[in-house]
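The basis for the numbers below is simple: all heavy atoms, side chains too, and nothing from hydrogens, waters or symmetry mates. Order of the sequence lines sets the chain letters (A, B, ...), proteins ahead of strands, with each chain counted from 1.
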Amino acid sequence: MSEQEQSLSELLALRRDKLTQLREIGVNPYPSKFDVDATSSKIIADETIIAEDPSQGKRVSVAGRVMTRRVMGKAAFFNLQDETGTIQIYIRRDDVGTENYNTVFKKLVDLGDIVGIKGFVFKTQTGEITIHAEHFELLSKGVRPIPIAKEVEEDGKKIVYDAFSDKELRYRMRYVDLIVNPEVRDVFRKRSKMVQEMRMFMIDSGYLEVETPILQPIYGGASARPFVTHHNTLDMKLYLRVANELYLKRLIVGGYNGVFEFSKDFRNEGMSRFHNPEFTQVELYVAYKDYNWMMDFVEMMLEHVALSLHGTTKVPVGDNFIDFKRPWPRIPMLEAIKNETGVDLNGLSLEEMMDAARSVGVHVDKTMGKGKIIDEIFGEHVEHKLIQPTFITDYPIEMSPLAKKHHSKEGLVERFEAICNGKEIANAFSELNDPIDQRQRFEEQVKLREKGDDEAMALDEDFLRALEYGMPPTAGLGIGIDRLAMIMTNQDSIRDVLFFPHMRPE
RNA sequence: GAAAGGGUAGCUCAGUCGGUAGAGCAGCGGCCUUUUAAGCCGUCGGUCGUGGGUUCGAGCCCCACCCCUUUCACCA
């Protein structure tokens, strides 16, 4: 018996004893099925369900957890929670049988147990739609007490007492969190809908949803440290993917005009409010398009998502409303920096750029190239100020080894990030499809790696071979699903949009 | 990786100056056939995160460690 169980022993022993008692009186605490034909929310929404003489009205059959209970001798009220919400049940000894009521319901059923109810719908004296039970049946006996909260409405505001609010326990036991905190169920329902809407948007655009390897012999497509694993039979090292970019581009080479994948990616880096070791990204590649086209696409898709989830393009996030209505501003990176800091980095030498960085309080060192310096200044002075959706375009080439050189601006690539609520939510570029240029960029990454940059990309010989067969001009996109879900559901931690955020072992 | 805050009953939380560990809810025993944080009477429940130390005496002070949260750093 573990320590925790020991301290629970009294409550647990009591519950187990109730199981025995149930079996002794011939009640199966875990029956196989129950025919459900109604949900709490539909019953409450249905104006016509209450007959003039309710006892002659339509019968409903519902199932769910007993959440609160008010027993008044030979009759009782309790709240039954199903997936859709909560509905009150009125149960009387004389309707469901003396033993069923006195012994099973009153003595042996606890809060949190799952029960089935059949009966008719009526309104109580205080006007609450309630099911008058004619049949009561235990469907699953819980042997652990659930942390029941109580709530009351005052002046239209809902006040919750004793809510199950300990974040550690909520994350470790998400099943309990979902039982007792209905708003948590809503967040994840919204996240699911968000993904579905994006998926349908891309499918409706004619693109193919695909799957690519998670276990990769060479990881690539992003600057990040990987998780390493081992294949026993092949006796070889494999990496968990940090991105699926290089595989999806191989498929574009193969002749598909548009492919996308919702991809669980893994990065062996720090954890925070914005970072989980595994996270979800959707990547999309579309042939014969460039990054300008992709900006249009992102705008349209995310405007559509906001409308689908909220019925409006304005999404509440913290103290702000974020408006996804297109078009969004498109600002070249150097211009955005000039707007915020007054510093014009255009055409500066490395030395001049370092001075400029210092002049706005950005720390620089000798190892930094122009691209890194620009990136630092942007991160320090611009990014967090961009609350409304904004495209920042034309990134330094050093930071973007897989992006195509800008068609007119020296040292830049055709890349954009969509920034929203001060954070990147999308990253895209005109994909580099010149195999010679790509090889050189990889070689620069290899040099960085040799200098100790363990986030630099590895040279992927097979990917280069694919490019050598010819990849059409292609626009590529990545959207962080968890980050977007945080915005769309107004949550300020990634752990609140992941069912099972990573935790150290108990 | 660093700093700050936290860990006390199943849940939410008090705990003063170091002096026998508390409340509400849940549970348990009663009363109560339209209640709704139902009510009323009674009652059980603790390895105070873990391990050391100081002290006559530690939830409280000291040391080490574990876990969580927040912020910072890196990134998406």
Side-chain angles (χ1 to χ4, degrees), chain A residues 3-15 17-18 67-79 86 88-95 101 106-107 110-112 122-128 130 132 142-154 158-173 176 180 221-225 242-243 263 265-283 363 375 379 417-418 423-427 453-455 478-484 486 492-495 501 503-506:
Chain A
E3 280 177 39
Q4 196 178 2
E5 275 172 331
Q6 206 163 19
S7 69
L8 266 176
S9 61
E10 199 171 318
L11 288 163
L12 290 181
L14 192 67
R15 293 284 183 116
D17 190 50
K18 286 178 178 179
M67 295 305 279
T68 65
R69 193 151 61 155
R70 299 170 288 282
V71 178
M72 302 160 298
K74 298 174 188 68
F77 287 93
F78 66 92
N79 290 351
T86 299
Q88 180 168 259
I89 311 293
Y90 180 55
I91 181 170
R92 300 196 306 192
R93 184 194 69 185
D94 297 344
D95 296 319
Y101 180 80
K106 275 173 72 175
K107 280 197 156 69
D110 288 289
L111 296 185
F122 74 109
K123 250 186 199 174
T124 63
Q125 287 173 354
T126 53
E128 180 164 354
T130 300
H132 187 128
V143 295
R144 282 180 187 272
I146 67 166
I148 286 289
K150 295 211 167 188
E151 56 187 49
V152 61
E153 275 189 41
E154 251 170 47
K158 201 191 270 185
I159 302 170
V160 181
Y161 296 85
D162 300 340
F164 181 56
S165 57
D166 184 303
K167 285 195 171 181
E168 177 172 6
L169 293 179
R170 286 182 48 220
Y171 297 148
R172 288 196 192 279
M173 298 193 285
V176 177
V180 301
S223 300
R225 300 208 307 270
V242 297
S263 165
D265 293 342
F266 307 84
R267 297 189 186 172
N268 206 340
E269 290 167 353
M271 291 161 60
S272 78
R273 184 157 87 83
F274 295 101
H275 301 84
N276 196 63
E278 55 182 285
F279 67 102
T280 304
Q281 207 183 177
V282 63
E283 292 196 32
H363 177 80
D375 196 57
E417 289 189 359
K423 284 274 168 186
E424 172 194 339
I425 56 168
N427 177 23
D453 181 352
D454 53 5
E455 289 187 351
I479 294 179
I481 294 297
D482 313 285
R483 295 274 178 88
L484 186 61
M486 286 169 66
D492 56 16
S493 171
I494 196 169
R495 297 179 196 97
M503 304 284 278
R504 285 195 172 83
E506 287 180 67

Any A:Lys150 side-chain nitrogen or oxygen under 4.0 Å from OP1 or OP2 of B:rA26 | yes
Distance check: side-chain N/O of A:Arg70 vs OP1/OP2 of B:rG39, anything under 4.0 Å?
-> no
Grab the CZ-P distance between A:Phe78 and B:rA38 for me, whole Å please.
-> 14 Å
Complementary nucleotide for B:rG22 - Watson-Crick or wobble, under 3.5 Å | B:rC13
P gap between B:rU16 and B:rC60, integer Å | 11 Å
For A:Arg495, answer base if it contacts any base atom (sugar-phosphate contacts may also be present), sugar-phosphate if it contacts only those atoms, and nothing otherwise; contact means non-hydrogen atoms under 4.0 Å.
-> sugar-phosphate
For B:rG59, the Watson-Crick or wobble partner whose two distances fall under 3.5 Å | none
Backbone N or O of A:Thr280 within a donor-acceptor pair of the A:Asp482 side chain at under 3.5 Å?
-> yes
Using atom CG of A:Leu11 as one end and atom C1' of B:rG46 as the other, report the distance to the nearest whole Å.
-> 12 Å
Under the criteria of a ring-centre distance below 5.5 Å and an interplanar angle below 30°, is A:Phe274 stacked with the base of B:rA76?
-> no
Using whole Å, report how far CD of A:Glu168 lies from P of B:rC11.
-> 11 Å
Any strand, both distances under 3.5 Å, Watson-Crick or G-U wobble: B:rA73 pairs with none
Using a heavy-atom cut-off of under 4.0 Å over every strand shown, decide if A:Ala222 touches base, sugar-phosphate, or nothing.
-> nothing
Nearest-Å distance for atom pair CD/C1', residues A:Glu128 and B:rA37 | 13 Å
Would one find a side-chain N or O of A:Arg504 under 4.0 angstrom from OP1 or OP2 of B:rC66?
-> no
Whole angstrom is fine here: how far is it from CG in A:Leu12 over to P in B:rA9?
-> 15 Å
Could you check whether A:Asp166 gets within reach of a base, just the sugar-phosphate, or nothing at all, counting any heavy atom under 4.0 Å?
-> sugar-phosphate
A:Lys167 side chain N/O closer than 4.0 Å to the phosphate oxygens (OP1, OP2) of B:rC67?
-> no
Can you tell me the distance, in whole Å, between the CZ atom of A:Arg69 and the P atom of B:rC32?
-> 17 Å
Check every strand shown and say whether A:Phe122 touches a base, only sugar-phosphate, or nothing at a heavy-atom separation below 4.0 Å.
-> base
Provide the distance between the two C1' atoms, one in B:rA26 and one in B:rC72, to the nearest whole Å.
-> 41 Å
A:Asp162 versus A:Lys150: any side-chain heavy-atom pair under 4.5 Å?
-> no
Answer yes or no: is there a donor N or O on one side and an acceptor on the other, between the side chain of A:Arg225 and the main chain of A:Glu269, under 3.5 Å?
-> no
Check every strand shown and say whether A:Arg93 touches a base, only sugar-phosphate, or nothing at a heavy-atom separation below 4.0 Å.
-> base
Check whether any side-chain N or O of A:Gln88 sits under 4.0 Å from OP1 or OP2 of B:rU35, and answer yes or no.
-> no
